[in-house]
There are 2 protein chains.
Amino acid sequence: MPKRVDHDERRTQIAEALIQVAGRQGLHAVGMRDVAAEAGVSLRLVQYYFQTKEKLLFHGLQHLTDRFTARVGARLAAAGPDPGPRATIEVLLLASLPTDEESRTFHLLYSSYSILSVTDEALAAQPFIDRPDAAENALTELIRQAQETGRADAGADARTEAISLLAMTATMGTSILVGQRTPESAIAALQYHLDRIFNSRQTAPTAR
Amino acid sequence: MPKRVDHDERRTQIAEALIQVAGRQGLHAVGMRDVAAEAGVSLRLVQYYFQTKEKLLFHGLQHLTDRFTARVGARLAAAGPDPGPRATIEVLLLASLPTDEESRTFHLLYSSYSILSVTDEALAAQPFIDRPDAAENALTELIRQAQETGRADAGADARTEAISLLAMTATMGTSILVGQRTPESAIAALQYHLDRIFNSRQTAPTAR
DNA sequence: CTCTTTGTGATACGACCGTACCATAGTGGT
DNA sequence: ACCACTATGGTACGGTCGTATCACAAAGAG
């Protein structure tokens, strides 16, 4: 059996198992034995590829964000080439809502990691700051573009609106997660604000 | 030593200790021995007044929300009798932001409990649904009042705006918690939306 | 003054968890 | 063909955690 094996591949497989089991039981309740069982490997192997649980958790977060980035990318690509700023923003926001199993898991675990990072300084050093900032900048730029081309309310503060949309989306996601709100009502609230920011044009892409 | 003792008082003392130590180490990391040490009692006593850890955690959540309710009530009272709808909303929202140690602890623990409730069905049955709904209704009513008296934009959807304000505030709180945003910038974003919803009138002397 | 109840201490138990250690089979290098 | 190294299994160790048990002192009831 000991043929040379791709470490990155194995690590990904194990990280995936971590995410699966953590999504089911909660991040706080996952042990290395659970991860091993989920991945179909022995406990020793999890130790072998990640020396410590802390490292495993770090890599799990990394993998989680990577997967989410890929997911958003795929949605953007599926929206066709150059959809308008509004359609782009819609894709970005809606991709973040926990509407299917994958996004539900993502939202739960990302929230768990965030909360954990408040009291765990080692986690706080991880990529929690970069990603949200990037999203904020992207949305700000999209709104600015729309304003310059007259497709959005020129009186709106682009950055504040971007921050607000992201903030709303985040809480909406958690509300959906805990069963306090339906995805539909969350989407409706977001659309309300997009309608407010963007001049009434159809959402449709630039077909033809 | 065994003179008759007030159970409720002791339970409150222990619940307080739970909140203190959980605010420091994170809810996931708190054990019954930690709580006992923080409260200055023996482990046995924690067992005596709460039979199980689960019950202790439930009561901790209860105590946490009670304390928060009292805090908000005090802030409202401090705002004087009948401040306008906008000032009232400001008090409600700003009281939720983690600006001092107490609110920081509250926000951290409430978030922790929420996340926990996603994968723990026993917790999910606790008062997570009632409270946010009450806040949402209260804000909606305040905005409606302002609209009827011409102090707020009549074209706004009161309920959606209420939901949005609360949602934004929640995420802002978490962002402050993880050090990603300053309280000042969070308040500025909230004020931006209040300025949008309410007709330009003075804010009334409120903020602390 | 006894007896029962209440409050409290100390400590033991069994489970689990992360980590470390030992062994070994296969594989590539020379 | 040997050797060294990689990948993997099995298992043991020390610690901690929630809970249970035993013991007992003080206080109220009769």
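Since this is a predicted model, take the numbers as computed values, not measurements. Chain letters run A, B, ... following the sequence lines, proteins first and then strands; every chain starts at 1.
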Review item, nucleotides 9-14 of chain D N/O atoms under 3.5 Å of protein N/O:
residue: D/dG9; atom: OP2; partner: A/Ser42; partner atom: OG; Å: 2.5
residue: D/dG9; atom: O6; partner: A/Arg44; partner atom: NE; Å: 3.1

Problem - Salt-bridge present (B/Lys53, B/Asp34; N to O < 4.0 Å) - result: no

Exercise for the section: Report the distance from atom NE2 of A/His28 to atom P of D/dC17, rounded to the nearest whole Å. Expected result: 15 Å

Problem - Contact under 4.0 Å: A/His7 side-chain N or O vs D/dT6 OP1/OP2 - result: no

Practice task
May I ask you to evaluate whether A/Tyr49 reaches the phosphate of D/dT8, defined as a side-chain N or O under 4.0 Å from OP1 or OP2?
Solution key: yes

Exercise for the section: Can you label the angle between the A/Phe50 ring and the A/His59 ring as parallel, tilted or perpendicular, going by 30° and 60°? Expected result: tilted

Problem - Presence of B/Arg10 side-chain N/O under 4.0 Å of C/dG7 phosphate oxygens OP1/OP2 - result: no

Handout entry: Rounded interatomic separation in angstrom, taking NZ from A/Lys53 and P from C/dA20
Key = 15 Å

Problem - Salt-bridge present (A/Asp157, A/Arg144; N to O < 4.0 Å) - result: no

Practice task
Under 4.0 Å between any heavy atoms, over every strand shown, what does A/Phe50 touch: base, sugar-phosphate, or nothing? Just pick one.
Solution key: nothing

Problem - Short side-chain N/O contact to D/dG18 OP1/OP2 from B/Thr52, under 4.0 Å - result: no

Exercise for the section: Inspect the contact between A/Arg196 and A/Glu161 and indicate whether a charged nitrogen and a carboxylate oxygen are less than 4.0 angstrom apart. Expected result: yes

Problem - Exam field: side chain A/Asp120 to backbone A/Leu116, donor-acceptor pair closer than 3.5 Å - result: no

Problem - Under 4.0 angstrom between B/Tyr48 side-chain N/O and C/dG7 OP1 or OP2 - result: yes

Handout entry: Ion pair check, B/Arg86 and B/Asp195, cut-off under 4.0 Å
Key = yes

Practice task
Could you please name the option among D/dA7, D/dC17, C/dT19 that lies closest to any side-chain atom of A/Met32?
Solution key: C/dT19

Handout entry: Separation of atom CD in A/Glu54 from atom C1' in C/dC17, rounded to whole Å
Key = 16 Å

Handout entry: Atom pair distance, as rounded to whole Å: CD in B/Gln51 and P in C/dT6
Key = 14 Å

Handout entry: Under-4.0 Å salt bridge between B/Arg181 and A/Glu136
Key = yes

